[in-house]
Amino acid sequence: MNIVVLVKQVPDSGAERNLRSDDNTVDRGSANNVINEMDEYAIEEALKIQAANGGEVTILTMGPDRATESIRKALSMGPDKAVHVLDDALHGSCAVATSKVLAAALGTLNADLVICGAESTDGRVQVMPHMLAERLGVAALTGARKLTVEGSTLTAERQTEEGYEVVTATTPAVVSVWDTINEPRYPSFKGIMAAKKKPLQTLSLADLGVAASEVGFEGATSAVVEHTKRPSRSGGAKITDEGEGGVKLVEFLATEKFV
């Protein structure tokens with residue numbers, strides 16, 4: 001089975017994240033960038049399917065030069081090769097444009113199965129798997145907490161707030177996973193060394209037949225107009241009960257729209 005895993009490099013969610021003052025995009029240059037956490041679960045799931053069914057696992061990333069760091073980290077977990085879509089014109093691309101580029105790249109890889117994290121920690125819009133499935137004309141099994149592969153048949157338990165739904169599809173398909181699906185492996189020293197020699201192909205927009213005017217700020221369907229930093233936490237309100245404590249508490253809760 002030919003499996004492609006989408007991997008995105010994002011600023012570490014455990015550190016302070018900022019937007020650039022010049023164009024309101026994520027400031028990746030000054031951030032500690034890592035593999036999007038959900039994508040590590042997607043990599044692990046792909047490797048488990050490969051171990052059971054054979055085939056090849058390819059990492060696909062769209063991002064700047066620095067994204068190569070995360071690509072090599074992903075390869076150190078066990079995938080066979082990687083493709084990096086790299087082009088200066090991509091800066092400022094919205095989700096719609098990103099899906100167009102990734103779909104074009106996937107079209108060159110002949111994937112039976114595309115796996116990705118359910119969301120990225122920088123955008124958190126959860127739309128990419130649906131957009132890709134629509135562009136590719138294949139099924140979308142999203143939000144999986146469990147995935148079973150039997151030949152060309154996929155069965156997923158889709159995680160919901162009430163429990164889970166069981167959905168099925170046949171390959172080719174796009175699957176997104178939550179962090180409840182498995183426990184990602186840690187790269188071994190052998191894996192880290194092997195990753196340095198694994199094939200890494202770089203593709204430009206020209207290679208994919210996508211015009212620069214369709215991506216970046218020029219092709220974006222949405223944009224951040226302005227931003228401000230989140231205000232620092234202030235001290236909580238203290239209510240001293242002198243006979244009217246209950247009334248003051250209710251008034252406070254009403255002000256905060258809790259009641």
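All values derive from a computational prediction rather than experimental measurement. All heavy atoms count here, side chains included; hydrogens, waters and symmetry mates do not.
Residues Leu75 and Tyr41 fall within the same hydrophobic cluster, defined by Ile, Leu, Val, Met, Phe, Trp and Tyr side chains chained together at heavy-atom separations under 4.5 Å. Hydrophobic clustering (side-chain heavy atoms under 4.5 Å, transitive across Ile, Leu, Val, Met, Phe, Trp, Tyr) keeps Met38 apart from Ile43. The cluster map of Ile, Leu, Val, Met, Phe, Trp and Tyr, joined by side-chain heavy atoms under 4.5 Å apart, puts Met77 and Val175 in the same cluster. Residues Phe252 and Val247 are members of separate hydrophobic clusters, defined by side-chain heavy-atom contacts under 4.5 angstrom among Ile, Leu, Val, Met, Phe, Trp and Tyr. Grouping the Ile, Leu, Val, Met, Phe, Trp and Tyr side chains by contacts below 4.5 angstrom, directly or via other members, places Leu136 apart from Leu141.
Taking every heavy atom of both residues into account, Ala42 and Ile115 meet most closely at CB-CG2, 3.7 Å. The nearest pair of heavy atoms linking Val4 to Ala111 is CG2-CB, 3.5 Å. Taking each heavy atom of Gly143 and Ser176 in turn, the nearest pair found is N-OG, 2.8 Å. The two residues Pro11 and Thr121 have their closest heavy-atom pair at O-OG1, 4.3 Å. The two residues Asp39 and Leu6 make their nearest non-hydrogen contact at CG-O, 3.5 Å. For Ala133 against Ala139, the heavy-atom pair with the smallest separation is CB-O, 4.0 Å.
Interatomic distance, CG of Asn33 versus CZ of Arg66, reported as 4.5 Å (0.5 Å rounding). Residue His84 holds its NE2 atom at 11.5 Å from OG of Ser204, rounded to the nearest 0.5 Å. Atoms CD and CG, from Gln9 and Asp65 in turn, are 10.5 Å apart once rounded to the nearest 0.5 Å. Note that CG of Asp23 and NE2 of His91 are 4.0 Å apart. Values are rounded to the nearest 0.5 Å. Atoms CE and OG, from Met193 and Ser188 in turn, are 11.0 Å apart once rounded to the nearest 0.5 Å. Within the model, atoms CG of Asn53 and CG of Asp112 stand 10.5 Å from one another, a figure rounded to the nearest 0.5 Å.
Gln50 places a side-chain N or O within donor-acceptor distance of the main-chain N or O of Gly55, the cut-off being under 3.5 Å. A donor-acceptor distance shorter than 3.5 angstrom exists from the side chain of Ser93 to the backbone of Gly216, with no hydrogens or angles considered. Remark: the backbone N or O of Val177 is not paired with any side-chain donor or acceptor of Glu45 at under 3.5 angstrom. Here the side chain of Lys198 pairs a donor or acceptor atom with the backbone of Pro79 at under 3.5 angstrom. With Glu256 contributing its side chain and Leu253 its backbone, the two residues share no donor-acceptor pair below 3.5 Å. Between the side chain of His227 and the backbone N or O of Asn24 there is no donor-acceptor pair closer than 3.5 Å. Between the side chain of Glu44 and the main chain of Arg185, a donor-acceptor pair closer than 3.5 Å is present. A donor-acceptor pair is defined here as one N or O able to donate and one able to accept, closer than 3.5 Å; no such pair exists between the side chain of Asn32 and the backbone of Asp12. Checked by atom type and distance alone, the side chain of Thr61 pairs as donor or acceptor with a backbone atom of Val7 at under 3.5 Å.
The side-chain contact (heavy atoms from CB on, under 4.5 Å) with Leu203 is formed by just one residue from the set Leu86, Val83, Asp87; it is Val83. Here the rule is side-chain contact (heavy atoms from CB on, under 4.5 Å) with Trp178, and of Arg145, Arg158, Glu119 only Glu119 fits it.
Between the side chains of Asn2 and Glu56, not a single donor N or O lies within less than 3.5 Å of an accepting N or O.
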>> Applying side chain to side chain contact (heavy atoms under 4.5 Å, CB included) to Val166 and Thr155, what does each step give before you reach the verdict?
In response: CA-CA 7 Å; Val166 177; Thr155 303; 3.8 Å; yes

>> One pair to check against side chain to side chain contact (heavy atoms under 4.5 Å, CB included): Leu102 and Leu60. What are the steps and the verdict?
In response: CA-CA 8 Å; Leu102 290 176; Leu60 173 59; 4.1 Å; yes

>> Evaluate Glu165 against Thr160 for side-chain hydrogen bond (donor to acceptor under 3.5 Å, both in side chains), listing each step before the verdict.
In response: CA-CA 7 Å; Glu165 303 167 341; Thr160 69; 5.5 Å; no

>> Please evaluate residues Thr148 and Leu154 with respect to the criterion side chain to side chain contact (heavy atoms under 4.5 Å, CB included), reporting the C-alpha separation (whole Å), side-chain torsions for both, the decisive distance (0.1 Å), and the verdict.
In response: CA-CA 6 Å; Thr148 303; Leu154 307 173; over 6 Å; no

>> What verdict does the side chain to side chain contact (heavy atoms under 4.5 Å, CB included) test give for Met128 and Thr98, after you've listed the backbone C-alpha separation in whole Å, the side-chain angles of each residue and the deciding distance to 0.1 Å?
In response: CA-CA 8 Å; Met128 196 54 58; Thr98 297; 3.9 Å; yes

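Under a 4.0 Å N-O distance rule, the pair Lys248/Asp241 does not qualify as a salt bridge.
Surrounding CD of Glu134 are at most 12 heavy atoms belonging to other residues, nucleotides or ligands under 6.0 Å away. The number of heavy atoms from other shown groups lying within 6.0 Å of CD (Glu244) does not exceed 12. Within 6.0 Å of CG in Asp88 there are 12 or fewer heavy atoms belonging to other residues, nucleotides or ligands.
Side-chain contact between Val149 and Lys48: absent, with no pair of heavy atoms (C-beta onward) separated by less than 4.5 Å. Here the side chains of Val101 and Val215 are in contact, with some heavy-atom distance below 4.5 Å. Between Glu157 and Val167, the closest side-chain pair of non-hydrogen atoms is not below 4.5 Å. Using a 4.5 Å heavy-atom cutoff, the side chains of Leu113 and Ile49 are in contact. Proximity of Arg135 to Lys100: side-chain heavy atoms (C-beta onward) are separated by under 4.5 Å at one or more points.
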